[in-house]
There are 2 protein chains.
Amino acid sequence: MKITILPKCKFNADATIASQLYAFLRRQITESCIVPGTPLTENELAMHFGISRQPVRQALMKLSRDGLVEIIPQRGSFVKKISASNLKGICFIRSAIECSALAEAKHMSSKNYKQALERLASNLKRQQDLVDSIDGNSSMESADFRARYLRLDDRFHAILCSFSGTDMAWETIQSINANMDRIRYLSLGEFSEPEALMQDHECIYQYISEREIDKALEVLRAHLYEITSTYKPIRRKNIDWFMDEDK
Amino acid sequence: MKITILPKCKFNADATIASQLYAFLRRQITESCIVPGTPLTENELAMHFGISRQPVRQALMKLSRDGLVEIIPQRGSFVKKISASNLKGICFIRSAIECSALAEAKHMSSKNYKQALERLASNLKRQQDLVDSIDGNSSMESADFRARYLRLDDRFHAILCSFSGTDMAWETIQSINANMDRIRYLSLGEFSEPEALMQDHECIYQYISEREIDKALEVLRAHLYEITSTYKPIRRKNIDWFMDEDK
DNA sequence: ACAAGATAACTTGTATTTTAGTTTTGACGC
DNA sequence: GCGTCAAAACTAAAATACAAGTTATCTTGT
């Protein structure tokens, strides 16, 4: 029995066991509660949660599709280590999709444009409120703050994607972004300040509101690649969570 | 028993049953051998192939992730109908990723550049040879020709994606492209001529070889959206394979 | 004839058992 | 002491069995 970290938890009743376990494990992995390299044995998980191995298998399959778990046939399933080349790939795809989406703003009707601007503004306010709220009583490194801020950050970028006019933009990013989420979570509050991120967001919003899309695109692209600068210190701190191949 | 189309087939021995069934079904669906709306009952498939429901479930789950199958809990699994908005989304993502990839060619070392050019040229020659080979004895509408040509077409675009320097570009496209493959298959030889596609390919290659990346990008983007022009006639011909929402 | 409710015939979801493949370990021969 | 081979102890894959939800049909009461 290697996993004792996992708290016994009551699942939400109105979903399949498999999807609940998937959501739970995904969160545990992205928040590094379960560290890379950890074996996720079907039997162990099934016994731990008092469920059968069937839904466990299903959950592991989904996680493997997300790139968070590696299933080796007849051997076992393991939490994947983070790979630099994978992160580079994710950055590339994200900026390709997200920048293309934002570029579509050029051809948007002014009514929809205005609506989107309002949603961005409202989101930015919530980000500001959240950051302002951490004064003494709650820490910026707290798991709760990190999760909340990242949710708002996601929402901001989702709105940008909505400029594309298709839901697939954000959906596709979500489906490849799992490993980036791990880095985002690790870096927030420690190697990257939410204030800096928010400044980027504000700047992007400003340019969009001035219909200076090309300038907004420039800032957005840089913003999306900024996370790579935090890669090295994080890796240094937790060398065994990363794959050997560097570069 | 509704599915009688499926031929009894010997699976390749060196893979799990689930993955073999997945590959088989995916092909059958993308080639429209199994038409949209067909119910894929777990029991039926299991009995038909003489296997248990377990690997069938696994295969269906993968197909649902590809967007080819819809699993409705406690009701059944069905081959998804084709949706116009989904196709639009795929086009958007594809051109976002593929054009960004090609754009990276601008910053490529001349050695790698030359290698990529050679691979493109070799691929184009194979495309030409294949098209030339259909004179009388084999038809352009034959399933074999379609599959072969589309494989070469895929390869061409995969090479373009390799300009990005990350495997994720082509991988991501593959993971969202399943529904587009159905349209490509239906349109080839009937509503779109391989000669026209090849002409685009040649043109893109030409521009790349002249280092006129921006011009190549323009042609590539148009090429990727060309498929949408074949959507309407295909839909007219098989109206019940498509979703009602016609946006 | 019609509407409402029970029921039977489906479906997938979950649990349990069996099978088959990998790896490790320990014993045996060299 | 060392290399090899075999068996045991693991793993996931697949088969089987059961539970639970959904839908359509049929009955029954009005």
Side-chain angles (χ1 to χ4, degrees), chain A residues 1-4 6 8-25 29 34 36-66 68-80, chain B residues 1-4 6 8-25 29 34 36-81:
Chain A
M1 188 62 111
K2 281 147 203 162
I3 305 171
T4 50
L6 297 176
K8 294 251 178 192
C9 84
K10 279 277 161 267
F11 292 122
N12 194 344
D14 53 20
T16 63
I17 295 179
S19 64
Q20 292 166 49
L21 180 62
Y22 163 75
F24 177 77
L25 287 179
I29 295 173
I34 312 179
T38 308
L40 294 176
T41 308
E42 291 184 4
N43 255 324
E44 222 170 287
L45 287 167
M47 294 210 295
H48 184 269
F49 290 104
I51 59 179
S52 85
R53 279 180 45 201
Q54 181 82 354
V56 175
R57 278 175 66 76
Q58 207 164 321
L60 290 179
M61 274 173 49
K62 277 194 193 172
L63 290 168
S64 97
R65 186 101 180 206
D66 288 338
L68 292 176
V69 162
E70 181 167 22
I71 301 177
I72 306 176
Q74 319 284 14
R75 278 238 340 180
S77 306
F78 306 88
V79 178
K80 253 198 183 172
Chain B
M1 187 65 110
K2 281 148 204 162
I3 304 170
T4 51
L6 297 176
K8 295 251 177 189
C9 84
K10 280 273 162 269
F11 291 122
N12 194 345
D14 53 19
T16 65
I17 295 181
S19 63
Q20 293 166 47
L21 180 62
Y22 163 74
F24 177 77
L25 287 178
I29 295 173
I34 310 179
T38 308
L40 293 177
T41 308
E42 292 181 3
N43 256 324
E44 220 170 290
L45 286 168
M47 294 211 294
H48 184 268
F49 290 104
I51 59 180
S52 83
R53 268 182 56 202
Q54 182 84 352
V56 175
R57 277 177 66 76
Q58 207 164 322
L60 290 179
M61 277 173 45
K62 276 194 194 172
L63 290 168
S64 99
R65 188 98 181 207
D66 289 339
L68 292 176
V69 162
E70 183 168 20
I71 300 177
I72 306 175
Q74 320 286 13
R75 279 236 342 173
S77 306
F78 307 87
V79 178
K80 253 200 183 169
K81 296 198 174 189

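Residue numbering restarts at 1 for every chain, and letters A, B, ... go by the order of the sequence lines.
Between B:N43 atom CG and D:dA19 atom P the separation is 17 Å, expressed in whole Å. Nucleotide D:dA14 holds its C1' atom 14 Å from the CE atom of A:M61, rounded to whole Å. In this structure, the CG atom of B:L45 is 13 Å from the P atom of D:dA15, given to the nearest Å.
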Using residues 66-76 of chain B as the side-chain source, report each donor-acceptor pair under 3.5 Å to any protein atom, sequence neighbours left out, with the distance given to one decimal.
| unit_1 | atom_1 | unit_2 | atom_2 | d |
| --- | --- | --- | --- | --- |
| B:D66 | OD1 | A:R65 | NH2 | 2.8 |
| B:D66 | OD2 | B:Y22 | OH | 2.5 |
| B:D66 | OD2 | B:R26 | NH1 | 3.0 |

Result block: side-chain N/O donor-acceptor pairs under 3.5 angstrom for residues 50-58 of chain A, not counting sequence neighbours:
| unit_1 | atom_1 | unit_2 | atom_2 | d |
| --- | --- | --- | --- | --- |
| A:S52 | OG | A:Q54 | N | 3.3 |
| A:R53 | NE | A:E42 | OE1 | 3.1 |
| A:R53 | NH2 | A:E42 | OE1 | 2.8 |
| A:Q54 | OE1 | B:Q54 | NE2 | 2.9 |
| A:Q54 | NE2 | B:Q54 | OE1 | 3.0 |
| A:R57 | NH1 | A:E42 | OE2 | 3.3 |
| A:R57 | NH2 | B:Q58 | OE1 | 3.0 |
| A:Q58 | OE1 | B:R57 | NH2 | 3.3 |

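Between atom CD1 of residue A:I29 and atom CG of residue A:L63 there is a gap of 5.0 Å, rounded to the nearest 0.5 Å. Considering CG of B:L60 and NZ of B:K62, their distance stands at 12.0 Å, rounded to 0.5 Å.
A:S19 is linked by a side chain to side chain donor-acceptor pair (under 3.5 Å) to A:T16, counting only residues two or more places apart in sequence or in another chain.
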Pairwise N/O distances under 3.5 Å, protein to nucleotides 13-22 of chain C:
| unit_1 | atom_1 | unit_2 | atom_2 | d |
| --- | --- | --- | --- | --- |
| C:dG13 | OP2 | B:R57 | NH1 | 2.4 |
| C:dG13 | OP2 | B:R57 | NH2 | 3.0 |
| C:dG13 | N7 | B:R53 | NH2 | 3.0 |
| C:dG13 | O6 | B:R53 | NH1 | 2.9 |
| C:dT14 | OP1 | A:I17 | N | 2.6 |
| C:dA15 | OP2 | A:S52 | N | 2.6 |
| C:dA15 | OP2 | A:S52 | OG | 2.9 |

